[in-house]
Amino acid sequence: MRFTTSLSKGLGGVAMVFIAVGTPPCENGEADVSVLDAVCREIARSADGFKLVIVKSTVPVGTNERIARVLQRDGAHPSCFRVASNPEFLREGTAVTDFLYPDRIVLGCNCPRSADLLTKLYKPLLDGSYAVSSNAIPAPDNARIPAHVVLTSSASAELIKHASNALLATKISFINAIANICEVNGADVKEVVDGIGTDQRIGSKFLKPGIGYGGSCFPKDLKALWAVAHEGGYDFHLLEDVMQINKEQRAQFVRKVRQALWTLKGKRLGVLGLAFKGGTDDVRESPAIAVIRQLLEEGSYITAYDPAATSRARVEFPADAQITFATSAYAAATGADALLVLTEWEEFTALDLERLRMRMKQPILLDGRNLFSPQQMKEAGFIYYSVGRAEVVPELEPDDSSREAA
Ligand code: UGA
């Protein structure tokens, strides 16, 4: 593997070029493809023989066609290039195994030559030979070996990427809406998810309720898909609702904290989790950060802990006297009027609940990710609020009940 900052050197003699540049959102939600455009111009100028230009970046449908026009306009002869779409479906934190053991590999090719080149490139994953090789990274549970290939046009491949993320986000907002209905009507969202998810047509994945989705992909891609639809004259109301429910879910959680504490002003809150999801240090569009901002605005004092994202989160709250960062969950809980779980870190489930409770001013835990079970928290002596499930209060100790009776 070689690294270079010279595009023309990097392109010298290669048959396939992957473009994986960022496509951040513009003000109006559209994907900003200006970097992609700049790269394509350079590729056109550096052409030295046939190249397959493969777009990995998440782009609006129709981008491949535009790239082909840019390449031609900037001097590349049509016989010297083809453009193909090969979207990625990697999750932060598990990107390597997601790449090596994908559910599917989507190849958006408008000609047999492109399809042939890309199929050859992915051969070790498509014929299963990678998985049985001596240096293979172990396969995760339920890995699909060999990988399934989906051969489509480039436009369909571009849309598959956006539609996949939009549908996953829709599942999350849907179950969050159901969770809210559960809360009002005394149903338990976990039981509802078990009942829904066992229908194989629906599946149980991406039905975990909480304080909504975040990260650098779902929020951006939903806006971009909405903008593509709008541009084409179709109002994709469903996506607007998905985004609105996601936003409202954070506000709903803040309301829950306020109700539990009567007022937020002057309250000391311990926060567990800053990253947009567990297993990453990424705080981009993190629901945890959004909730914290709201709590600070209402006058709370926060001590936050995250296993990996603290240094990135600090940048979000420069010189804010109301928030400090702790180096352990127990330190975050110390002296707290309530403890809030905002990110689904696996390690939080292994916390010593007794130790945590003993350090707090009041044993109130608000679980924005349903990491704990109500029964477990009841036994551990917490007043426990979660998402889509009834609030629990601790069973009274024999001593406490006699004190009450007296
Ligand atoms: C997402 C997709 O899952 C990947 O397939 C895709 O390749 C990637 O975006 C991308 O477009 O590059 P990622 O952003 O890493 O991956 O995160 P996810 O694991 O999908 O989680 C996104 C958000 O949804 C997180 O905030 C998570 O906490 C939340 N979530 C997820 C829920 O609230 N409930 C769930 O059931 C699942």
Side-chain angles (χ1 to χ4, degrees), residues 20-25 31 55-60 85-106 140 144 157-180 189-190 192-194 196-197 202-225 242-243 245-250 252-253 272-291 306 308-309 341-346 348 367-371 386-388:
V21 297
T23 49
V55 184
K56 267 276 169 209
S57 306
T58 301
V59 291
S85 169
N86 175 216
E88 54 86 13
F89 303 98
L90 316 178
R91 290 162 300 168
E92 278 192 35
T94 53
V96 174
T97 43
D98 285 352
F99 175 76
L100 295 169
Y101 300 99
D103 279 348
R104 78 296 205 193
I105 295 174
V106 174
R144 184 175 283 179
E158 291 167 328
L159 201 52
I160 286 170
K161 169 67 191 188
H162 267 157
S164 298
N165 276 0
L167 189 55
L168 291 171
T170 303
K171 280 186 96 173
I172 297 170
S173 280
F174 180 83
I175 206 61
N176 281 334
I178 294 291
N180 293 334
V189 73
K190 178 165 185 314
V192 175
V193 168
D194 288 347
I196 299 173
I202 300 173
S204 59
K205 290 188 180 155
F206 276 75
L207 285 181
K208 284 199 207 89
I211 53 171
Y213 62 79
S216 64
C217 304
F218 285 179
K220 161 180 92 80
D221 290 350
L222 260 77
K223 282 188 204 146
L225 180 56
V242 168
M243 292 187 270
I245 291 170
N246 195 52
K247 202 168 153 205
E248 175 59 23
Q249 199 63 12
R250 300 159 186 194
Q252 169 81 356
F253 187 75
L272 302 184
L274 296 159
F276 84 94
K277 67 171 186 178
T280 172
D281 64 354
D282 195 345
V283 297
R284 283 176 292 174
E285 298 273 346
S286 170
I289 302 288
V291 165
D306 188 284
V341 178
L342 300 185
T343 307
E344 67 276 41
W345 276 99
E346 188 72 28
F348 295 158
D367 184 354
R369 296 295 191 164
N370 287 6
L371 269 192
S386 54
V387 181

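Both ligands and their constituent atoms are indexed starting at 1 by order of listing.
- Annotation: side chain of Glu92 is in contact with side chain of Phe276 (closest heavy-atom distance under 4.5 Å).
- Separating the OG1 atom in Thr97 from the CZ atom in Arg91 is a distance of 7.0 Å, to the nearest 0.5 Å.
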Which protein N or O atoms sit under 3.5 Å from any N or O of ligand 1? Give atom names and distances.
residue, atom, partner, partner atom, Å
ligand 1, 5 (O), Phe89, O, 3.2
ligand 1, 7 (O), Glu88, OE1, 3.4
ligand 1, 7 (O), Leu90, N, 2.9
ligand 1, 7 (O), Leu90, O, 2.8
ligand 1, 7 (O), Lys161, NZ, 3.2
ligand 1, 11 (O), Lys161, NZ, 2.7
ligand 1, 11 (O), Asn165, ND2, 2.7
ligand 1, 12 (O), Glu88, OE2, 3.1
ligand 1, 15 (O), Glu92, N, 2.7
ligand 1, 15 (O), Lys277, NZ, 3.1
ligand 1, 17 (O), Lys277, NZ, 3.3
ligand 1, 19 (O), Lys277, NZ, 3.0
ligand 1, 26 (O), Gly214, N, 3.0
ligand 1, 26 (O), Phe276, O, 2.8
ligand 1, 28 (O), Glu344, OE2, 2.7
ligand 1, 28 (O), Arg369, NH1, 3.1
ligand 1, 34 (N), Lys208, O, 3.0
ligand 1, 36 (O), Leu207, N, 3.4
ligand 1, 36 (O), Lys208, N, 2.8

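- Contact of the Asn370 side chain with the Lys190 side chain is not registered, since no non-hydrogen atoms from C-beta on lie closer than 4.5 Å.
- For the ring-ring contact (aromatic ring centres under 6.0 Å, His included) test, residues two or more places apart in sequence or in another chain that qualify with Phe218 are Tyr213.
- In this structure, the side chains of Asp98 and Asp103 stay at 4.5 Å or more apart for every pair of heavy atoms.
- In this structure, Leu272 and Trp345 have side chains that are not in contact, with every pair of non-hydrogen atoms separated by 4.5 Å or more.
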